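Worksheet for the structure shown next.
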Amino acid sequence: MTMMLPLEITAPTIEFRQLAPILILFGAACAGVLVDALMLGRSRRWRGEVQIGLVVGGVLAALAYTVANLRLGPVGAVAMGSIMLDGPTAVMWVLLLVFGLLAVMVFKEERLAGVPVFASSAATVPGSREEAEADRFRLEQTEVFPLALFSLTGMLVFVSANDLLTLFVGLEVFSLPLYLMCGMARKRRLLSQEAALKYFLLGAFSSGFFLFGIAMLYGFSGSFDLGTIAAAVTAPAYGRGLLYAGLALVAVGLLFKIGIVPFANWIPDVYMGAPTPLTGFMAICTKMAAVGATLRVFYVALGAERWTWQPVFAVLAIITMIAGTVAALTQRDVKRLLAYSSIAHAGFIFTAVTGASQDVGAGQPTSVSAILFYLAAYGFATVGAFAIVTLVRNPASEENDLDGWAGLAAKRPWVAGLMSLFLLSFAGIPPTAGLMGKWAVFAAAWRGGYWWLVVIAVLTSLVAAYIYLKVIVIMFARPPAPNTYVGEASLWTWIPIVVGAVATLVLGIAPDLLLGPASLLGTFLR
Amino acid sequence: MNPENFLILAAILFSIGSVGVLTRRNALIAFMCVELMLNSANLAFAAFAQMHGNLDGQVAAFFVMVVAAAEVVVGLAIIVMVYKTRRTTSVDDANLLKL
């Protein structure tokens with residue numbers, strides 16, 4: 001018998017306190033999975049309440065831990081170097097948790113239609129006897145809440161990942177639940193399932209590119225660690241061919257998730273087909289997570305190579321802004337209009353990504369802090385706007401046709417007024433947060449030396465303002481549409497609307513409330 | 001054996017996969033092509049791990065396998081659901097969302 005060599009296995013160190021937000025969300029999601037399995041019989045009708053309780057409790061606990069850890073200061077790399085806890089991570093975690101909570105609250109709305117927005121049993125065939133039975137006996141499954149929490153967990157990992165492998169795992173953990181949730185609408189299931197199929201196939205395709213790009217970067221540097229890759233970029237051991245291939249392929253995967261134009265074909269169809277509360281969740285949380293990860297990968301790992309990617313990003317930003325705006329001009333469907341507008345917003349954000357201004361002047365936001373502020377401003381307006389879209393109804397279901405929105409102000413002035421506030425914030429008109437966000441990203445791009453990009457962006461945003469003003473005019477100036485009414489919603493819809501409206505106004509009047517902390521915390525550690 | 005050959009094979013497999021996704025009509029086949037892309041990345045990971053003499057790439061291949069399995073679970077659920085509803089998995093027939 002041969003002697004076994006003593007195998008040295010060093011136990012990994014996990015900083016549980018610093019990683020508590022991720023772990024709490026994951027735990028709450030796992031508990032949510034058990035709810036459907038364990039709450040049978042008479043307790044079945046309380047499933048929804050337990051689920052939303054888990055979501056609210058889990059997210060608030062994660063938020064409390066994030067803020068409490070923030071007071072200890074940035075800690076650097078944790079979990080054996082795979083998660084980076086720095087300023088941008090902290091700000092993005094707080095924003096993701098806040099927007100995630102507000103968006104998931106709308107999932108719980110049952111009063112509008114008398115039934116939940118999501119299908120009773122997503123596994124039944126639309127129009128089948130099983131589906132009718134599930135609806136009649138209220139055999140409702142509530143897996144959408146844990147799925148949303150899993151997705152949110154993945155987003156937290158994605159924005160804080162310090163190595164490419166963790167980044168890939170985070171990407172899949174947040175994407176896979178989204179694919180499923182897309183296909184779970186109660187009404188218009190065929191459209192919903194089609195959206196899920198498209199989103200899934202294209203998303204899996206893009207993650208294939210992303211993964212091959214990671215392999216190329218690993219081949220180039222011999223490591224997945226972003227800091228090691230950055231060191232290899234400045235002193236390459238091999239030629240740069242692998243670097244450029246990896247850079248391009250990784251960019252494809254990330255830009256797909258943000259919705260930058262050559263890779264944004266999925267956005268209108270998926271936003272339109274997915275259940276509206278989920279569209280709100282995707283519109284802000286997915287975008288924020290993808291932008292955050294893009295910033296980290298391109299600033300930390302590939303920052304030394306920025307002369308290569310900046311011109312490409314500038315061109316993509318221009319195409320994205322213009323294509324999103326022009327396409328939005330002709331839309332007749334509110335969700336599709338907001339989808340194209342989100343593409344245009346991705347273009348505006350990308351001007352600051354391209355600028356990559358990192359020098360902190362006196363009170364001048366860096367690219368990172370400007371983008372964080374823009375995402376916050378866009379997020380509050382998005383959460384509110386999509387919640388209002390769920391309110392406007394016709395006898396059959398939601399009224400998404402703009403003609404149906406005619407004269408909404410005559411029926412419910414407050415709803416039309418709040419929607420106008422969010423649209424003004426999208427357009428960047430004072431006194432809303434959208435204006436300060438646009439100013440911040442354009443200033444960052446300008447100081448990065450991309451003044452011509454800023455000129456194009458300002459001109460585009462003037463055209464884009466017309467899109468939103470058109471909707472406002474339809475709501476206020478047209479005679480009321482006969483079949484449309486504003487549904488009576490519960491607090492689950494009204495809380496996000498009111499929070500979104502208040503935050504949009506407050507950040508518009510006092511942007512330093514967020515821009516200040518974001519500037520302090522706007523530096524990536526490596 | 002020269003690890004470069006494995007990289008060339010990985011690149012060929014990746015190209016076959018990506019062309020397959022773009023050209024095949026059947027959602028299942030398109031999805032299989034995506035899996036081929038992921039596996040070509042695995043091959044590249046293993047080859048690079050050999051070249052660099054560290055284990056990171058081999059560990060990555062395991063992570064990718066787990067993720068790919070999870071993706072199969074979600075993807076097949078969606079494709080089967082669409083098939084049960086429409087009796088077809090052709091991606092050309094999924095065109096209700098065009099305006």
Side-chain angles (χ1 to χ4, degrees), chain A residues 122-128 163-166 168-169 171-173 175-177 179-180 182-183 188-191 193-205 207-216 218-225 242 249 268-270 272-273 330-333 336, chain B residues 3 7 10-11 13-14 17-18 21-22 27 30-31 33-49 51-54 56-57 59-61 63-64 66-68 70-86 89 91 93-99:
Chain A
T124 54
V125 178
S128 68
D163 70 55
L164 292 174
L165 192 56
T166 313
F168 177 69
V169 173
L171 174 87
E172 293 294 329
V173 171
S175 299
L176 294 177
Y179 302 148
L180 283 177
C182 269
R188 297 188 282 196
R189 280 274 289 290
L190 280 179
L191 287 183
Q193 288 178 356
E194 182 177 318
L197 181 69
K198 282 182 176 168
Y199 192 18
F200 170 73
L201 279 179
L202 292 173
F205 190 42
S207 63
F209 281 96
F210 185 64
L211 187 68
F212 207 74
I214 290 176
M216 296 293 112
Y218 168 64
F220 171 74
S221 66
S223 170
F224 291 105
D225 184 66
L242 281 176
L249 291 170
D269 283 358
V270 173
M272 191 180 166
T330 57
Q331 295 310 316
R332 302 298 314 153
D333 183 287
R336 224 171 159 84
Chain B
L7 293 179
L13 289 176
F14 182 79
S18 48
V21 177
L22 293 173
F31 183 39
C33 292
V34 169
E35 293 298 309
L36 190 61
M37 293 167 72
L38 296 184
N39 282 319
S40 75
N42 272 351
L43 185 58
F45 277 132
F48 280 131
M51 286 167 77
H52 288 297
N54 63 24
D56 293 11
V59 173
F63 274 85
V64 174
V66 174
V67 168
E71 207 168 64
V72 168
V73 171
V74 169
L76 282 186
I78 292 172
I79 294 171
V80 167
M81 192 65 237
V82 168
Y83 177 74
K84 273 173 28 183
T85 312
R86 306 188 185 205
T89 57
V91 286
D93 293 340
N95 55 7
L96 296 175
L97 279 165
K98 289 268 164 54
L99 277 187

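Chain identifiers are assigned alphabetically (A, B, ...) following the order of the sequence lines, protein sequences preceding nucleic acid strands; residue numbering begins at 1 within each chain. This structure is a prediction, so every number in the text was calculated from the model and none was measured.
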Exercise for the section: Over all heavy atoms of both residues, which pair between B/Ala27 and A/Leu197 is shortest? Give the atoms and the distance, please. Expected result: CB-CD1, 4.3 Å

Fill in the blank from the handout: Residues A/Ser221 and B/His52: closest non-hydrogen pair is C-CE1, 4.3 Å

Exercise for the section: Verify, without hydrogens or angle tests, whether B/Asn54 (side chain) and A/Ser223 (backbone) share a donor-acceptor contact under 3.5 angstrom. Expected result: no

Practice task
Check each atom of A/Phe212 against the heavy atoms of chain B and say whether the ones under 4.5 Å are side chain, backbone, both or neither.
Solution key: both

Completion exercise
Heavy-atom nearest pair, B/Met81 first then A/Ala123, reads SD-O, 3.8 Å

Practice task
Quick one: pull up CE in B/Met37 and CZ in A/Phe205 and give me the separation to the nearest 0.5 Å.
Solution key: 5.0 Å

Handout entry: Side chain proximity check, B/Thr85 to A/Leu190, heavy atoms < 4.5 angstrom
Key = yes

Exercise for the section: Check whether A/Phe210 gets within reach of chain B through its side chain, its backbone, both or neither, counting any heavy atom under 4.5 Å. Expected result: neither

Exercise for the section: With the side chain counted from C-beta on, respond yes when B/Arg86 and A/Pro126 share a heavy-atom pair under 4.5 Å apart, and no when they do not. Expected result: no

Handout entry: Portion of B/Ala49 that has a non-hydrogen atom of chain A nearer than 4.5 angstrom
Key = both

Problem - Contact summary for B/Ala30 and A/Leu201, nearest pair of heavy atoms - result: CB-CD2, 4.4 Å

Completion exercise
Distance col, row A/Met216:CE vs B/Leu7:CG, nearest 0.5 angstrom, shows 6.5 Å

Exercise for the section: Would you mind checking which part of B/Phe14 comes under 4.5 Å of any heavy atom in chain A, side chain (CB onward), backbone (N, CA, C, O), both or neither? Expected result: side chain

Completion exercise
Note: A/Ala215 and B/Ala44 closest approach over all heavy atoms is CB-CB, 4.0 Å

Exercise for the section: Please report the C-alpha distance between A/Ser128 and B/Lys84 in whole Å, then the side-chain angles of each, then the deciding distance to 0.1 Å, and finally whether the side chain to side chain contact (heavy atoms under 4.5 Å, CB included) criterion is met. Expected result: CA-CA 10 Å; A/Ser128 68; B/Lys84 273 173 28 183; over 6 Å; no

Problem - A/Thr124 versus chain B, the contacting section by heavy-atom distance below 4.5 Å - result: backbone

Practice task
Please state whether the side chain, the backbone, both or neither of B/Val82 comes within less than 4.5 Å of a heavy atom of chain A.
Solution key: both

Problem - Part of B/Ala68 within contact of chain A (heavy atom distance under 4.5 Å) - result: neither

Practice task
Could you look at A/Gln193 and say if it's the side chain, the backbone, both or neither that has a heavy atom under 4.5 Å from chain B?
Solution key: both

Handout entry: Candidate pair A/Leu211 and B/Phe45, rule side chain to side chain contact (heavy atoms under 4.5 Å, CB included), full reasoning
Key = CA-CA 10 Å; A/Leu211 187 68; B/Phe45 277 132; 3.9 Å; yes

Practice task
Check A/Leu176 against B/Ala70 and note the closest heavy-atom contact, atom names and distance.
Solution key: CD1-CB, 3.8 Å

Handout entry: N/O donor-acceptor pair under 3.5 Å between A/Tyr218 side chain and B/Gly57 backbone
Key = yes

Exercise for the section: Examine whether an atom of B/Phe31 lies under 4.5 Å from a heavy atom of chain A, and if so say whether it belongs to the side chain, the backbone or both; otherwise answer neither. Expected result: both

Practice task
Heavy-atom pairs under 4.5 Å with chain A are the metric here; pick the option from B/Leu36, B/Val64, B/Val66, B/Val80 that has the most.
Solution key: B/Val64

Handout entry: Which portion of A/Leu164 sits near chain B, non-hydrogen atoms under 4.5 angstrom
Key = neither

Exercise for the section: Would you mind checking which part of A/Leu202 comes under 4.5 Å of any heavy atom in chain B, side chain (CB onward), backbone (N, CA, C, O), both or neither? Expected result: neither

